[in-house]
Student: 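Here it is, the structure in full.
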Amino acid sequence: MHSTKHPIAIDDNVATVHLSSFHYGAPGIGRKVYIQAALHADEVPAMLVAHVLRQELERLDAEGRVKGEVILVPAANPLGLSQVIQGTPFGRYDLATGINFNRAYRHVADELKASLAGRLGTDAQANVALIREQARRSVDAWEPKDSAGTLKKTLLAMAIDADFMLDLHCDNEAVLHMYAGTPLAGAVQPLAALMGARVLLLANESGGEPFDEACGRLWWDLADHFPDAAIPPACVAVTIELRGEMDVRYDYARQDADALLQYLAHAGVLDLPVRALPEARCTPTPLGAVEPLEAPHAGVLVFHKQLGDRVEAGEPIADIVNPVSGKVSALSASRPGLLFASTAHRHLLRGMHVCKVAGEESFRSGNLLSS
Ligand SMILES: [Zn+2]
């Protein structure tokens with residue numbers, strides 16, 4: 001094992017920031033795995049899972065049981081972690097620009113469409129190697145204009161050529177759920193089963209250039225552009241939402257870390273006794289089938305339903321109660337689905353996010369992620 005400190009913000013006249021990564025196994029001996037936790041900074045369940053992973057990976061590495069390369073970034077956003085506003089952590093957006101830390105990653109496919117013209121053939125393995133080399137070059141050439149950009153480039157440079165990219169987040173309040181590219185459905189389903197995910201959301205492109213798509217979508221974009229070349233979806237990039245922000249528990253962290261290690265054992269990266277996959281708790285559904293509900297007016301949010309409940313179309317999920325006007329509005333989804341995530345606030349203003357219901361049939365398009 002070795003660790004690396006990456007300079008992120010190093011101007012002499014302001015506070016300096018570094019990012020730490022931990023490296024196990026060795027490059028080139030097998031498949032490459034990149035795991036990062038808490039890209040939105042104050043996603044504490046993810047950091048606790050990373051802590052357990054780190055202990056386990058250190059032990060496995062010392063025993064020579066890492067059969068590839070594993071990079072772990074246990075706190076992926078030191079810039080966001082240092083943002084606290086009057087006692088409240090604020091890690092989702094860069095305070096300097098208002099930009100979400102999980103948006104605006106460099107999508108290298110457009111550049112590669114030009115640089116790879118006429119150079120790809122029917123040998124998938126050779127294509128993958130060439131695409132990775134060009135992708136690394138493209139990320140290296142990225143010239144960020146601010147510290148958040150430097151952080152994004154540093155993270156992407158470690159992940160862009162990985163076989164597996166596991167991005168550990170959490171929601172405000174939620175059951176465990178995951179996001180992945182549609183072409184990765186088969187590769188991600190065993191992980192969803194191991195993690196006990198209640199929802200697995202798929203999209204070819206969800207909009208806004210999040211980190212997982214910078215690593216994953218590159219491959220199917222190039223496959224579409226070069227239809228005669230053999231280009232597999234060579235990076236299993238997945239975003240894992242480890243329940244809600246208050247679900248910080250050793251038993252969850254151990255269980256989640258164990259599921260991730262089992263997945264890597266199934267993939268041949270870790271030499272661990274492999275257990276049979278548990279029965280999946282969900283089937284993949286389109287991200288375009290997620291219905292977000294908003295508050296129709298200001299008021300107190302009171303749920304009738306619990307996270308993980310199935311709801312029918314028109315069935316009351318929650319009320320918004322205005323204590324001054326006395327108005328009570330029942331909220332329901334227009335389609336049946338699973339109530340899987342909600343706000344952590346209980347007084348909302350008009351238009352604020354209430355909850356999300358995962359249905360089965362896609363009915364939304366365009367920008368599919370919440371801001
Ligand atoms: Zn997040």
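Both counts, for ligands and for their atoms, begin at 1 and track the order of listing.
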Student: In terms of side-chain heavy atoms, does Asn172 have a donor or acceptor partner in His353 at a distance below 3.5 Å?
Tutor: no
Student: Can you tell me which N/O/S atom of His169 has the shortest distance to the Zn ion (ligand 1)?
Tutor: ND1
Student: Anything under 30° is parallel, anything over 60° is perpendicular, the rest tilted; go ahead and classify His23 against His6.
Tutor: tilted
Student: Give the C-alpha distance, both sets of side-chain angles, the deciding distance and a yes or no for salt bridge (charged side-chain N to carboxylate O under 4.0 Å, His left out) between Arg132 and Asp163.
Tutor: CA-CA 10 Å; Arg132 284 187 175 148; Asp163 296 279; 3.1 Å; yes
Student: If you look at His40, which of its N/O/S atoms is nearest to the Zn ion (ligand 1)?
Tutor: ND1
Student: In Glu43, the N, O or S atom nearest to the Zn ion (ligand 1) is which?
Tutor: OE2
Student: Are Lys113 and Asp110 close enough for a salt bridge, meaning some N to O gap below 4.0 Å?
Tutor: yes
